[in-house]
Amino acid sequence: MKKLFCFCCDKELQPINSFQPNGGVMCSSYGNYGSTAFDPNLSFGTAPTIELFFLICDDCLRTHVARCIIFVKKPGEKEKVRPASEFVS
């Protein structure tokens, strides 16, 4: 099994399954317009799905929680932007 490491501090994380870490969070992105590092810019439909995964250990997430935001969408309501500190313990 591939070794897993925190994107921020390089701490090795123990896997629960293939890419889900124990003591950390798996994050992903399909890229976005504006990034000069990762924006696959593929057409939808027949193009393959390309997704970037990275891991953050719980310690780094707690340390840097003020840099994070969370989007909350309830059925029938507008999306709300919330500080991640409301959800990270």
Side-chain angles (χ1 to χ4, degrees):
M1 189 173 289
K2 184 170 175 49
K3 289 187 175 187
L4 306 177
F5 296 92
C6 174
F7 182 79
C8 294
C9 72
D10 215 27
K11 177 181 8 178
E12 186 171 357
L13 300 168
Q14 299 305 310
I16 293 173
N17 58 34
S18 296
F19 293 105
Q20 184 178 357
N22 187 27
V25 175
M26 179 175 65
C27 305
S28 65
S29 173
Y30 294 104
N32 59 270
Y33 179 78
S35 173
T36 59
F38 183 72
D39 183 14
N41 195 21
L42 299 173
S43 60
F44 293 98
T46 59
T49 299
I50 297 176
E51 194 170 358
L52 174 70
F53 285 94
F54 53 98
L55 309 171
I56 301 174
C57 72
D58 288 342
D59 291 336
C60 285
L61 183 58
R62 287 183 189 106
T63 298
H64 301 294
V65 71
R67 299 178 185 175
C68 302
I69 56 173
I70 290 181
F71 296 94
V72 178
K73 176 100 168 91
K74 294 181 181 177
E77 294 183 11
K78 292 177 94 174
E79 184 174 74
K80 296 177 183 175
V81 178
R82 307 293 295 269
S85 58
E86 292 181 17
F87 300 90
V88 176
S89 58

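Numbering starts at 1 and runs along the sequence shown.
Listed here is the closest heavy atom pair of Ser85 and Val65: N-CG2, 3.6 Å. For the pair Pro21 and Phe19, the tightest heavy-atom approach, listed with the atom from each and the gap, is CD-O, 3.4 Å.
Atom CD1 of Ile56 is separated from atom SG of Cys6 by 6.5 Å, given to the nearest 0.5 angstrom. To the nearest 0.5 Å, atoms CD (Gln20) and CD (Gln14) are separated by 13.5 Å.
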What pairs of donor and acceptor atoms, side-chain ones from residues 66-77 against any protein atom, are under 3.5 angstrom apart with sequence neighbours left out?
| unit_1 | atom_1 | unit_2 | atom_2 | d |
| --- | --- | --- | --- | --- |
| Arg67 | NH1 | His64 | ND1 | 3.4 |
| Lys73 | NZ | Glu77 | O | 2.6 |

Kindly indicate, with the supporting measurements, whether the criterion side-chain contact (heavy atoms from CB on, under 4.5 Å) is fulfilled by Asp58 and Val25. CA-CA 7 Å; Asp58 288 342; Val25 175; 4.2 Å; yes

Worked check of side-chain contact (heavy atoms from CB on, under 4.5 Å) between Cys57 and Cys9: CA-CA 8 Å; Cys57 72; Cys9 72; 3.9 Å; yes

Run the side-chain contact (heavy atoms from CB on, under 4.5 Å) check on Asn22 and Leu13 step by step: do they pass? CA-CA 6 Å; Asn22 187 27; Leu13 300 168; over 6 Å; no

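Contact of the Glu51 side chain with the Ser29 side chain is not registered, since no non-hydrogen atoms from C-beta on lie closer than 4.5 Å. Counting heavy atoms from C-beta on, the side chains of Tyr30 and Ile50 never come closer than 4.5 Å.
Counting only residues at least two apart or in different chains, salt bridge (charged side-chain N to carboxylate O under 4.0 Å, His left out) contacts with residues 5-16 comprise Lys11-Asp59.
In this structure Phe7 satisfies the ring pair (Phe, Tyr, Trp, His ring centres under 6.0 Å) test together with Phe54, sequence neighbours excluded.
Connection of Met26 to Leu4 is established within a shared hydrophobic cluster, with ILVMFWY side chains joined at heavy-atom distances below 4.5 Å, either directly or through further cluster members.
In this structure a side-chain-to-backbone donor-acceptor pair under 3.5 Å is present from Arg62 to Ser89.
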